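What follows is a set of notes on a single structure, which appears directly below.
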Amino acid sequence: MDIKNLSGTVFVSPQISSQDLSALAAQGITTIINNRPDGEAPRQPKHITLKTKAEALGVNYHFLPITPGKMSEQDVIKFAEILNTAPGPILAFCRTGTRSTNLWAQAQIHTQAGEMSAHDIIQSAKSAGYDLSNLKPLLEKAEKIPQKKPQKNRAHDIVIVGGGSAGLATAASLLKRRPKLDIAIIEPSELHYYQPGWTMVGGGIFTSKETERKTRALMPKNAKWIKAKVSKFHPDDNTVALEDGSHISYKILVAAPGLQLDFDKIEGLEATLGQNGVTSNYRYDLASYTWELVQNLKKGTAIFTQPPMPIKCAGAPQKAMYLSGDHWFKKGVLENINIEFCNAGGVLFGVKAYVPALMEYIKKYRTNLNFSENLIKVDGPNKIAWFEKTDTNGKVKIIKRSFDMLHICPPQSAPEFIKSSPLANAVGWIDVDPETLHHVRYPNIYALGDACSTPNAKTMAAARKQAPIVATNVIAKMEGLNTHAVYDGYGSCPLTVERGKIILAEFGYGGKILPSFPKWFLDGTKPTRLAWILKEKILPPMYWKGMLKGKEWLVKPDPKNHVPTIDLAE
Ligand code: FAD
């Protein structure tokens with residue numbers, strides 16, 4: 001092995017072998033980035049072989065293949081994300097190390113710690129044996145952009161934690177109302193995803209790329225983007241701490257950090273995700289693998305799992321199942337495929353009105369419904385999954401099922417830094433009043449989106465409705481108004497029961513049906529073509545160009561419905 005240091009804890013080398021991995025782990029390498037596409041040379045080890053061995057040794061493994069001469073800006077951003085988030089020391093490799101060194105050099109423009117000058121970057125690469133002089137103009141140009149300094153302790157009137165669907169929409173709604181507000185959004189990711197599109201990627205309707213945009217392009221013009229991760233909340237001091245140790249203080253805090261996917265709670269799962277027929281539409285990089293598996297499956301057993309609630313988009317596990325069933329039905333192979341829906345819960349869908357129409361599709365795709373079955377363990381190479389089945393007396397037994405394809409919806413919970421914060425309720429979610437989205441203990445904190453404690457369906461549709469409510473209430477708070485807007489718990493779940501038809505579930509607190517359209521136009525309890533057109537053609541542009549830009553179509557709070565504020569938190 002010919003390993004060279006590039007900077008700090010980042011190393012580079014030419015192609016490594018599977019045998020090298022034990023030595024690398026022994027030397028303390030904790031993350032490996034493979035930048036070489038499979039099949040460039042006859043005896044080159046396959047990425048899956050390296051991944052399996054690395055993960056067995058407890059080493060994180062990332063596959064970011066770069067075809068020579070075809071490195072894109074997205075590749076650089078993804079590499080920078082790994083440098084920013086993965087534990088070090090990190091080793092990146094390709095055939096000779098040149099592509100990895102190039103990625104590292106350009107990633108300096110995007111990393112939080114991107115403190116190196118163009119000259120230093122080129123010199124470091126040179127000391128490691130790589131000539132990057134051709135990158136000099138690009139690196140020098142980037143050097144002039146004042147974005148790389150670590151965040152010093154600073155203050156903003158409004159700080160939003162999380163620039164996902166809810167955070168960006170709230171910032172846009174606030175600025176629509178008061179364009180001069182001083183707002184900072186703390187968001188670590190360079191890339192933003194339209195997650196509702198991943199079901200469509202898994203069904204072969206969208207490509208993954210269609211669901212991805214650069215965060216920078218979506219940030220509201222008048223908001224300050226702080227590209228960092230929040231690590232702690234200090235609500236008594238009105239500050240948040242960032243991972244680099246600096247603090248940002250605020251007058252009002254809006255928390256919208258989403259939720260975390262707990263794939264690691266299922267034994268054996270992480271080592272096999274993305275191979276051996278095991279997939280999940282809950283991850284950007286795996287949704288296209290779902291579609292690959294669906295197209296290749298001609299006979300056998302396909303299992304679709306659903307963990308205990310709450311999860312984001314509670315319909316997504318079965319949406320994946322219906323779209324797969326529809327493909328197999330249309331290809332004439334459904335009679336050779338056994339579909340199992342293993343649901344930790346006890347019902348097909350939480351709101352009764354939609355169940356009869358869904359049951360028609362359960363019958364059509366000859367699906368076996370297995371309720372109270374919770375996935376606990378997966379053996380990918382042998383294609384076996386284990387479930388805990390709880391009977392009505394609470395007695396638990398283990399059920400073993402073989403599969404050819406396994407689509408997983410992972411268990412989900414509040415992010416760790418929320419669970420351990422003073423903002424959390426007893427089970428970890430941010431403790432807010434369900435109507436005002438105002439924190440129940442801290443009068444200058446609001447929360448919305450997947451991370452908050454409200455008992456609505458955790459969906460982008462809910463965030464779309466919540467954002468203008470929070471914007472209205474934050475402004476009322478800042479300006480001392482004595483009324484506030486009220487959130488009714490609206491959420492929506494477009495159930496893709498077949499390619500071209502959707503059952504459009506729209507409901508609020510307590511399962512109250514809250515349709516956006518009159519029944520004669522669109523009856524959400526029936527599969528309709530119109531709802532499909534909405535999902536495929538209308539909702540994505542409505543998200544990028546409407547919701548994230550502060551255009552509040554169908555969700556603008558009506559001042560007539562505002563109610564007097566009795567601020568118990570004061
Ligand atoms: P996110 O959009 O996940 O954003 C959270 C942000 O917080 C992220 O950008 C993250 O980087 C940031 N963050 C995390 N940690 C930190 C930190 N420490 N410091 C600062 N920032 C941090 N919804 C629908 O309405 N309809 C659908 O059809 C639908 N289908 C779905 C299908 C799938 C497969 C999935 C996965 C989701 C689906 N959803 C759907 C749900 C929807 O995408 C989410 O409910 C929505 O994105 C929630 O928005 P959010 O802002 O709360 O979280």
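All values reported here derive from a predicted model rather than from experimental measurement. We're numbering straight along the sequence, starting at 1. Only this structure's heavy atoms are used, side chains among them; waters, hydrogens and symmetry mates stay out. All ligand and atom numbering here is 1-based and tracks the order in the structure.
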Does the pair [X]/[Y] count as a salt bridge with the N-to-O cut at 4.0 Å?
X: Lys465; Y: Asp488; answer: yes
X: Glu81; Y: Lys78; answer: no
X: Asp450; Y: Lys458; answer: no

Under 3.5 Å between any N/O of [X] and any N/O of ligand 1: does that happen in this structure?
X: Val230; result: yes
X: Pro188; result: no
X: Ala461; result: yes
X: Lys319; result: yes
X: Asn281; result: no
X: Lys229; result: no
X: Asp450; result: yes
X: Lys535; result: yes
X: Pro494; result: no
X: Ser189; result: no

Phe329, CZ: over 12 other non-hydrogen atoms inside 6.0 angstrom: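 Check fails, neighbour count at 12 or below.
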Within 6.0 angstrom of Lys251 NZ, more than 12 heavy atoms from elsewhere: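 Counting neighbours around NZ of Lys251, 12 or fewer heavy atoms of other residues, nucleotides or ligands fall under 6.0 Å, so no.
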Suppose we measure from [atom] to each protein heavy atom; which comes out shortest, and what is that distance?
atom: atom 47 (O) of ligand 1; value: Ser165 OG, 3.2 Å
atom: atom 42 (C) of ligand 1; value: Met460 N, 3.5 Å
atom: atom 20 (C) of ligand 1; value: Ile186 O, 3.4 Å
atom: atom 4 (O) of ligand 1; value: Gly164 CA, 3.2 Å
atom: atom 8 (C) of ligand 1; value: Glu187 OE1, 3.4 Å
atom: atom 15 (N) of ligand 1; value: Phe417 CE2, 3.9 Å
atom: atom 51 (O) of ligand 1; value: Ala166 N, 2.8 Å
atom: atom 14 (C) of ligand 1; value: Pro257 O, 3.5 Å

Plane angle bin for His192 and Trp544 - parallel if under 30°, tilted between 30 and 60°, otherwise perpendicular: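 Trp544 vs His192 ring planes: perpendicular.
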Aromatic plane relationship, Trp291 with His327 - under 30° parallel, 30 to 60° tilted, over 60° perpendicular: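 Rings of His327 and Trp291: perpendicular, over 60°.
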Ring-ring centroid check His234 His247, cutoff 6.0 Å: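 Centroid separation for His234 and His247: below 6.0 Å.
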Region of Tyr193 that comes within reach of ligand 1 [heavy atoms, distance under 4.0 Å]: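 The answer is neither.
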Ligand 1 versus Gln195: contacting region, heavy-atom distance under 4.0 Å: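 Gln195 to ligand 1: contacts from backbone and side chain alike.
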Under 4.0 Å from a heavy atom of [X]: which atoms of ligand 1 are those, numbered in the order shown and with their elements?
X: Lys458; answer: 45 (O)
X: Tyr282; answer: 36 (C)
X: Gly449; answer: 52 (O)
X: Cys313; answer: 27 (C), 29 (C), 30 (N), 31 (C), 38 (C), 39 (N), 40 (C)
X: Thr199; answer: 32 (C)

Side-chain donor or acceptor of Trp225 paired with backbone N/O of Glu187 under 3.5 Å: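 Flag set: sc Trp225 to bb Glu187 pair under 3.5 Å.
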CD on Glu243 to NZ on Lys232, rounded to 0.5 Å: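 Taking NZ in Lys232 and CD in Glu243, the distance rounds to 10.0 Å.
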Reported CD-to-CZ distance for the pair Glu340 and Phe304, which is rounded to 0.5 angstrom: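 Atom-to-atom, Glu340:CD and Phe304:CZ are 11.0 Å apart.
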Counterpart residues, side chain to side chain donor-acceptor pair (under 3.5 Å), relative to Thr207 (two or more places apart):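 Result, side chain to side chain donor-acceptor pair (under 3.5 Å) vs Thr207: Glu210.
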Matching residue for Leu495 among Lys501, Gln318, Lys535 - test: side chain to side chain contact (heavy atoms under 4.5 Å, CB included):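 It is Gln318, the one option of Lys501, Gln318, Lys535 that forms the side chain to side chain contact (heavy atoms under 4.5 Å, CB included) with Leu495.
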Identified side-chain hydrogen bond (donor to acceptor under 3.5 Å, both in side chains) counterpart of Glu190 within the set Gln74, Lys227, Lys214: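 Of Gln74, Lys227, Lys214, side-chain hydrogen bond (donor to acceptor under 3.5 Å, both in side chains) with Glu190 is met by Lys227 alone.
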Shortest non-hydrogen contact between Ser421 and Phe233, atoms and distance: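 Smallest heavy-atom distance, with atoms named: CB-CD1, 3.7 Å.
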